[in-house]
Structures are given as C-alpha cells and as structure tokens.
Engineer: 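Shown below is the structure under consideration.
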Amino acid sequence: MNYIRNFCIIAHIDHGKSTLADRLLEFTNTISRKEKKNQLLDSMDIERERGITIKSHPIQMEYSYNEKKYILNLIDTPGHVDFSYEVSRSISACEGALLIIDATQSIQSQTISNLYLALSKDLTIIPIINKIDLPNSNIELVKNDIIELLGCNKDDIICTSAKKGIGIKNILDSIISRIPAPKGDIKLPLQAIIFDSIYNPFRGVQTYFRIKNGTLKTGQKIKFMSTNNVYNVEEIGIFKLKNLKKKILNAGNVGYLIAGIKNPSEVKVGDTLTEVKNPAKKPIGGFKEVKPMLFAGIYPIENEKYKELRIAIEKLHLNDSSLSFTPETSYALGTGFRCGFLGMLHMEIIKERLEREYNIDVITTLPNVHYNAYLKKSSKNPLLINNPYDLPDKNQLEKIEEPYIKAYIITIAQYIGGIMQLCIEKRGVIKNQSYITNNRVELIFELPLSEIIFDFYDKLKTISKGYASFDYTHLEYRKSDMVKIDILINGKIVDALSTLVHIKNSFSIGKKICNNLSKIIPKQQFEIPIQAAIGKKIISRETIRSLRKNVISKCYGGDVTRKRKLLEKQKKGKKKMRTIGFVDIPQSAFISILKLK
Ligand code: GTP
C-alpha cells in the first residue's frame, strides 16, 4: 500500500484538466502519442467536441521515484456545475488532489467549490498554475491569490504548461512525496466505495470501486450495503489503457468489478460494497442519491419512431442513472417521455446523443423545474408537478412551492453593480458579499432555480465581460406566486408550450412569448393567431399573416423529376417541424419562447 497514490484533478472548467491528464499519461509511458487521439480521457465524441469532461474515467500509471516503482491511480473529474456530484464521488476515492488554476484566469467559482469538496474529505491539495506559456498569464498575481486562499507557501505551488509539457516531472514527484499513501487494513472486513459504473451489453454492469479495507477476490460473495443485494464476483481488475484482469485486489486499490448485475439501477454510486461471509459493520459515509433538477418532454418528430426512442432512452439511462424518464402523452406532440436532467447542459447532451448516436430527430419541450402544488382539499401532501400543463386549476390550489438555490458568484469589483441588478431581476436576494482576494469578490444570492436555468449564465458572462464564474447548491422549496401561461396557436392550446411563471412577470412574459413565436413560426397559407392565456383570460395576442407559396407552380407542369425534387426539398425543410392544428411549428419554438431579451 505504501507504493500506491490515489489522486484526482480538480479545476474550474477549461483550466486544463484533460490536457494535464494526457501529459501525465504520456510522461509515464502509459500511452504513447500515437495511441492518443486528441484527448484520450474525454472519450465520448460530444465531450471531445465541446471540450468538457462528463464521465470520470480512472486510469492507472506506473512511475519510478527514488528508484522505487509506484502505482498512481488518476480519477478524472467533470468540470461543469451540472455534474458536480460526479466530482464529489471521485474525490471520495482519493487521498490527494491536483488543484489546477489557469494562469490567466486565477481562482474561479468551481475552483473554490471543488476545493471545498476536496478539503471536506481531507484530501492533500497540490496547487498548480497552468498555461504559464500564455503571454497574458500573470503568475505572480495568481500565486498571491492561491496563497491567500489556501494559506500555503509560495514553494508549494507548481507552475506548468500542460500544453507545452512544462513542469510535468515536478507534478509526478510531488504526487509521490506529498500525497499520503492510502491507509486501510487488509485484515479488516471488506469495505469498498463505489464511485462509478458503466454498462456493458455483454457482461452487465461494470462497477468502479476503491477498496478502503480488506480484500476483494474473484469468486467471492459480496453485497451492496444500501440494497443488501448479494452477487458473485465474476471478474475484477484494474484500469490500464484497457481493463486488466486480476485475481485479487487489496485495500488501497482502485478497480472494476463484474458480477452479473443486469440492472444498472442496482448499483448506486456512493454505496459501500462488503463481503457476505464477514461483513463490515458500517458503510463508508457520504452516500447520497442524485436527483434530476430539470424536466422536459422529449418527443420523436416522427410519431412512428416512439418505440425506437424508448429503446434509445433506456440505453442512455444504463450509463447515466441521473437521467430519469416516464412516458407522457401530449395533445400536441403525441407520445414521448418526460425526462429529468441534472441541468441544461445535461439535457442538451442527451438530445444530441439521441440525434447523433441513435439517429432519431426529437423535439424537446421547454424545460422546467419541479413544483409542489398543495390542493385546498388535501393540503398535507403536495402534488409533484414536473409538467406545467398538469398544474390544477387556480381555485383548487392552496399554494405552490418552487425550489431555491444558493448561488456563489465570483467576480471582480467593477462588475458587482451589474450582477446585483441581474440577480434582483431574477428574483434573487443577496445574502453575503466578501473579498476572497484583493480584487476578487464572492457574492452569495438565494434565487429560484427556475430563474437560472435558461439564460442566466450567458447574461452573467456578458455583464461581467467573462470575469464572473458561477456555482450553486440546492436549498429547500419555498412558497411562490406562480401562474400557468397557456399558449394557443390557431385557437388551440399547445400543451407542450405551457409554462409556469411568477405572477409579477406574467404579462410581460406572455407578451414576449407571443412575439417570439410570431417570429419563429413560418408564415403559412392562412392567418395564424397566437395567444397567451392565464386560465380563460387572454393576456396577449400576435398574428402571423398568411402567405401563399406553391413550390411547383413555376414548373409549368411538364418535368416530373424536377417536380419531385422540389417536393422532396420542401419535405426536408419540414422534417424538423411538427404540425399542430394545421400549423407547422419548428423545434426552435419549444425552446426559444423563453429566450427573453
Ligand atoms: P473540462 O473538462 O471542460 O473541465 O476542461 P478541462 O479543464 O479538462 O480543460 P482542457 O484540458 O480541455 O483545456 C481547455 C483549453 O485550454 C484547451 O483548449 C486546451 O488546449 C487549453 N490548454 C490546456 N492547457 C494549456 C496550457 O498549458 N497552455 C495553453 N496555452 N493552453 C492550454
């Protein structure tokens, strides 16, 4: 155990985690340049394109230090707010963390939130300033910021350029000299923490674990402590470039396990695994189930593809237990699913994967949070509303509650005013304002979650010219004066466009939605009224004027192939549309109606 080091890399998004991870792998000859295609750890296509890490991929390296061979287990962590739970679970499998800070950006909100997570698990922190090759880097300033934040010495901070490969040996040496070897006792009953799982269609669920105490062997009978489910260990192993089988793994090690588990929901991240014969008395603490925060309908553009969509969503769910789904029927869109996501980015990724990997064009409806609706006649147990259209009539309602968050915004002094104004517009209340370093301020707000899911982050970036970062934690549900706005197109309510808004903003939002829709929906052969209503009351109206467009009129009858081509072209244009009450509505209508300026 003295020759093992388990560590993770934590950072604000884009500060260079994946690039550094690649360099470490290269330097230790774990992979050669040839084997590496772009960023190896970000193996999902979408991850590579968007440059973000979503899933944690552990990998083992070997490194000699003072003529002794060490095993280094690196657990990569995602960098976006939507995925912060994945960070916390990877952290719990490590003894140390490399804290990467961009030399041009210094400390940002996720630097701090990830650091706090790491400190709460007693991890040793190695501060690293990355991107020192950039001409606008300000190493001295960033060093001072780090010293103020961590209370460390100047010499503790390592300067690197992951891109140019500068300072990599220093990092590897420090991992060994500064991060403690895992503690644990081989003789104690088996206790291993589960930090991830993936689904393999042939072998079932592969569970990723870190052994705290005891020994894990093939053939052993094990159980998960939160479910008491018992399994037979078929295969265990470690993470090299490919998985490498082992017969036995001792305390301190990180590895994978295959035990004929067919249903991924039986494996809960954060759960503890123990032996049936000689079970541990207690699980390792810190287990919490991930709950989706954002809900939206997903419908196939072509109704016949419902079955295919169901299979695709089920498959995606196998590798992503934070994606939830239940069948739903919409008058406007037919049959589809109401899905739960961790955040907007998560939702966009799922939509893209359905379209790219499964070739199903889908409509996603306007996302919303989950509301509690208390009825007058039974005011104890609230109805859980995750589709606004399902909200009961106003006069049956006692009250509505919505989820709140605590937002941590880090910025520099000159942008405080603008950010305050934005947060107040979004119904926020300021709770604290404090200087973290000389010119860096942390603002803490309480805000309704629903107000930050659309354009909050974009607006924050614009107001602060990029000098603001944002992170949040969840608070409780609070009472709110919400009303439902229904949208009527050509006189018909389009249930998928209903939305819940605060009463204070309802008129302006209703007007904006009608206006936006009137621009998005293409003109058609007849006039289309678009109305917003609260209950029976129409609060706004726009009209799309008619247009007569006959694509084949200019073909003078004769040429059949030409005619067919034109019709095909028109059909293609329509593919991404949905016809509701004789009106063609493009996908963008369902999302952009709330993109309010
Ligand atoms: P997430 O996975 O999204 O959290 O990002 P990340 O922290 O893994 O960042 P990533 O490694 O993808 O790097 C972000 C961008 O910074 C990429 O365009 C890298 O090429 C660039 N980058 C990383 N390290 C360096 C460096 O040392 N110097 C320079 N100039 N660019 C770097």
Side-chain angles (χ1 to χ4, degrees), residues 7-27 30-31 33 36-59 74-91 94 97-115 117-118 125-139 142-143 146 157-172 196 320 342-346 348-349 352 410 457 461 466 469-472:
F7 72 102
C8 56
I9 308 180
I10 53 178
H12 189 72
I13 188 160
D14 274 350
H15 282 198
K17 272 190 321 275
S18 311
T19 314
L20 179 71
D22 280 350
R23 284 291 166 272
L24 297 177
L25 296 180
E26 267 171 40
F27 199 91
T30 313
I31 50 162
R33 274 194 185 243
K36 162 182 169 281
K37 194 183 157 208
N38 258 329
Q39 292 184 341
L40 178 103
L41 287 188
D42 287 7
S43 54
M44 273 162 65
D45 257 9
I46 297 166
E47 289 192 6
R48 202 173 307 135
E49 261 170 48
R50 296 189 176 215
I52 45 164
T53 320
I54 301 159
K55 275 257 158 201
S56 346
H57 308 255
I59 192 152
L74 161 63
I75 295 164
D76 197 28
T77 57
H80 191 275
V81 256
D82 278 10
F83 304 104
S84 68
Y85 181 64
E86 300 215 358
V87 179
S88 77
R89 65 209 206 184
S90 340
I91 281 177
C94 304
L98 309 181
L99 180 70
I100 313 285
I101 295 160
D102 187 318
T104 64
Q105 307 253 317
S106 194
I107 294 157
Q108 299 289 335
S109 60
Q110 281 153 55
T111 319
I112 295 192
S113 56
N114 286 332
L115 173 69
L117 274 179
I125 309 292
I126 301 181
I128 295 173
I129 301 180
N130 186 33
K131 307 196 189 180
I132 57 166
D133 58 297
L134 287 176
N136 57 335
S137 64
N138 198 336
I139 301 173
V142 177
K143 269 192 182 165
I146 294 177
I157 304 169
I158 303 176
C159 292
T160 60
S161 163
K163 195 168 183 178
K164 298 256 157 83
I166 302 167
I168 307 300
K169 182 171 186 310
N170 194 358
I171 295 177
L172 286 163
D196 207 352
D320 181 356
L342 299 176
M344 273 305 259
L345 179 70
H346 189 207
E348 283 165 24
I349 287 170
E352 256 181 69
I410 293 179
Y457 197 48
K461 288 259 161 200
S469 59
F470 164 69
D471 201 6
Y472 65 86

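Every number for a ligand or one of its atoms is a count from 1 in the order of the listing. We number each residue from 1, following the sequence as shown.
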Engineer: Indicate, as side chain, backbone, both or neither, the part of D14 found under 4.0 angstrom from ligand 1 when only non-hydrogen atoms are considered.
Structural biologist: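 Both of them.
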Engineer: Before signing off on this row, confirm whether K164 and ligand 1 have an N or O atom pair separated by under 3.5 Å.
Structural biologist: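 It does not: no N or O of K164 is found under 3.5 Å from an N or O of ligand 1.
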Engineer: Within the 4.0 Å heavy-atom shell around I13, which atoms of ligand 1 are there?
Structural biologist: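 So the answer, numbered in order with elements, is 3 (O), 4 (O).
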Engineer: Could you see which bit of L134 sits under 4.0 Å from ligand 1, with heavy atoms only: side chain, backbone, both or neither?
Structural biologist: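 For L134, only side-chain atoms sit under 4.0 Å from ligand 1.
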Engineer: Less than 4.5 Å apart, any side-chain heavy atom of I168 and any of L24?
Structural biologist: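 Yes, their side chains come closer than 4.5 Å.
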Engineer: Looking at H15, which atoms of ligand 1 are within less than 4.0 Å of one of its heavy atoms?
Structural biologist: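 Listed by number with element, the hits are 7 (O).
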Engineer: Checking side chain to side chain contact (heavy atoms under 4.5 Å, CB included) against I128, which of I171, N170, L99 comes through?
Structural biologist: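 Exactly one pass, corresponding to I171.
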Engineer: Please name all residues satisfying side chain to side chain contact (heavy atoms under 4.5 Å, CB included) with C8, sequence neighbours left out, ordered by chain then number.
Structural biologist: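 I10, T77, I91, C94, A97, L123.
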Engineer: Looking at S18, which atoms of ligand 1 are within less than 4.0 Å of one of its heavy atoms?
Structural biologist: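 What qualifies from ligand 1 is 2 (O), 6 (P), 8 (O), 11 (O).
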Engineer: Between N130 and H15, is any pair of side-chain heavy atoms under 4.5 Å apart?
Structural biologist: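 The answer is no; the side chains never approach within 4.5 Å.
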Engineer: When you look at L74 and F7, which way does the side chain to side chain contact (heavy atoms under 4.5 Å, CB included) test go after all the steps?
Structural biologist: CA-CA 5 Å; L74 161 63; F7 72 102; 3.7 Å; yes
Engineer: Counting only heavy atoms closer than 4.0 Å, does ligand 1 sit against the backbone of D133, its side chain, both, or neither?
Structural biologist: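 For D133, the contact with ligand 1 is made by the side chain alone.
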Engineer: Does any N or O of ligand 1 fall below 3.5 Å from an N or O anywhere on G16, backbone included?
Structural biologist: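 In this structure, G16 places an N or O atom under 3.5 Å from an N or O of ligand 1.
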Engineer: More than 12 heavy atoms of other residues, nucleotides or ligands under 6.0 Å from NZ of K461: is that the case?
Structural biologist: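 Yes.
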